[in-house]
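One structure is given here, and the rest of the page talks about it.
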Amino acid sequence: MKLLLHPVYFPNICTFAAMSRHPITWEVHDNYQKQTFRNRCHICTDQGRHLLTIPIKHVGGTSGRQLYREVRLDNNYQWQSLHWKTLQTAYRTSPFFEYYEEELAPMFESRHTFLLDFNFKAIELIGQCLKIRMSYETSAAFKLVTDIEDARWLVNAKIPHNMEQPGYIQVFGDRHGFVKNASILDLLFNVGTRSASYLESFPLPWTDA
């Protein structure tokens, strides 16, 4: 089954499980919308679930709308440095942070212009870390689809993804319990080389039925 998905900032585990098990077409002709995972992801810190948000440059005008592929990163803020320092603080003691640190660090050291391009590079990098081959087919236009499973709803940060997620040991699990469906980074740093197997067993009732 082929899925239609939005490229997002270090996708959550549910989304990445779908990506790892199904061929993907990426939606690249939509309008940018706020309150989505396009520019945000959840990680786990000593304070519990924590949101990392990429600042973007907003357009003016009466509508304020812009195409996702035209959204520019606001590099006047030192967001890359802040995000990387936050990840270091949160996961330095995790079993696999140092194992992947050298591969991930350049994403937060070199400047990027467009949010969509940055997200694609981040997804590609995680695929390389997990040795999962990623799809790079993109949509031709924004439209309703009938010949492909429309999973674009996964981009909405306000829709709870209710699922029976298998637990794994998290750095601060003894303080906050198991935090479900965090960014793929949380799985990578805590589970490491077994992450691909974990994703294979992750329940996706809306695609596996």
Taking the ring of Trp153 and the ring of Phe37, is the distance between their centroids below 6.0 Å? no

Roughly how far, to the nearest 0.5 Å, is the OG1 atom of Thr36 from the NZ atom of Lys34? 11.5 Å

Tell me if a side-chain donor or acceptor on Tyr68 pairs with a main-chain N or O of Glu27 at a distance below 3.5 Å. no

How about Gln165 and Pro203: do any of their side-chain heavy atoms sit closer than 4.5 Å? no

Are the side chains of Arg152 and Leu5 in touch, meaning some heavy atoms are under 4.5 Å apart? no

Under a 4.5 Å cut-off applied to non-hydrogen side-chain atoms, are Gln88 and Phe97 in contact? yes

Are Trp26 and Phe120 packed together at the side-chain level, in the sense that at least one heavy-atom pair is separated by less than 4.5 angstrom? yes

Residues in side chain to side chain donor-acceptor pair (under 3.5 Å) with Arg72, at least two apart? none

If we ignore hydrogens and angles and just use 3.5 Å, is the side chain of Tyr198 paired with the main-chain N or O of Pro166 as donor and acceptor? yes

Would you say Arg49 has more than 12 foreign heavy atoms packed within less than 6.0 Å of its CZ? yes

Among residues at least two apart in sequence or on other chains, which ones pass side chain to side chain donor-acceptor pair (under 3.5 Å) with Arg92? Glu101

Passing option when His42 is tested against Val179, Asn12, Asn181, Leu51 for side-chain contact (heavy atoms from CB on, under 4.5 Å): Leu51

Using a 3.5 Å distance criterion without hydrogens, assess whether the side chain of Arg69 forms a donor-acceptor pair with backbone atoms of Asn31. no

Under 3.5 Å donor-acceptor, Thr15 side chain and Pro11 backbone: no

What I'd like to find out is whether the side chain of Ile43 reaches to under 4.5 Å of the side chain of Leu52, using heavy atoms alone. yes

Spacing of Leu4 atom CG and Glu137 atom CD [to the nearest 0.5 Å]: 9.5 Å

Distance-only, no hydrogens or angles: does the His112 side chain make a donor-acceptor pair with backbone N or O of Ser110 under 3.5 Å? yes

Whether the side chain of Asn75 engages the backbone of Arg111 through a donor-acceptor N/O pair (distance < 3.5 Å, no angle test) should be reported. no

Keeping the roles fixed (side chain from Ser81, backbone from Gln78), state whether a donor-acceptor pair exists under 3.5 Å. no

Would you say OH of Tyr136 has more than 12 non-hydrogen atoms from neighbouring residues, nucleotides or ligands within 6.0 angstrom? yes

Evaluate whether atom CD1 of Ile148 has more than 12 neighbouring non-hydrogen atoms of other residues, nucleotides or ligands under 6.0 angstrom away. yes

Asp30/Arg38 salt bridge by N-O under 4.0 Å criterion: yes

Measure the shortest side-chain to side-chain distance between Glu124 and Met134 over non-hydrogen atoms and say whether it is less than 4.5 angstrom. no

CD/Glu102: more than 12 non-hydrogen atoms of other groups inside 6.0 Å: no

Derivation of the side chain to side chain donor-acceptor pair (under 3.5 Å) call for His83 and Tyr9: CA-CA 12 Å; His83 285 200; Tyr9 182 42; 2.8 Å; yes

Nearest heavy-atom neighbours spanning Glu103 and Leu125: O-CD2, 3.6 Å

Please verify the inter-ring angle class for Tyr99 with Phe96; under 30° counts as parallel, over 60° as perpendicular, anything in between as tilted. perpendicular

Any side-chain heavy atom of Leu116 within less than 4.5 Å of one from Phe118? no

Taking the ring of His29 and the ring of Phe142, is the distance between their centroids below 6.0 Å? no

Does any N or O in the side chain of Arg40 come within less than 3.5 Å of the main-chain N or O of Ala157, such that one atom is a donor and the other an acceptor? no

Heavy-atom donor-acceptor pair, Ser139 side chain to Val28 backbone, under 3.5 Å: yes

Look only at the side chain of Arg21 and the backbone of Leu199, and say whether a donor-acceptor pair between them is shorter than 3.5 Å. yes

Residues 182-191 side chain polar contacts: donor-acceptor under 3.5 Å, at least two apart:
unit_1	atom_1	unit_2	atom_2	d
Ser183	OG	Phe10	O	3.0
Ser183	OG	Leu185	N	3.1
Asp186	OD1	Tyr91	OH	2.6
Asp186	OD1	Asn190	ND2	3.3
Asp186	OD2	Tyr168	OH	2.5
Asp186	OD2	Gln170	NE2	2.9
Asn190	ND2	Asp186	O	2.9

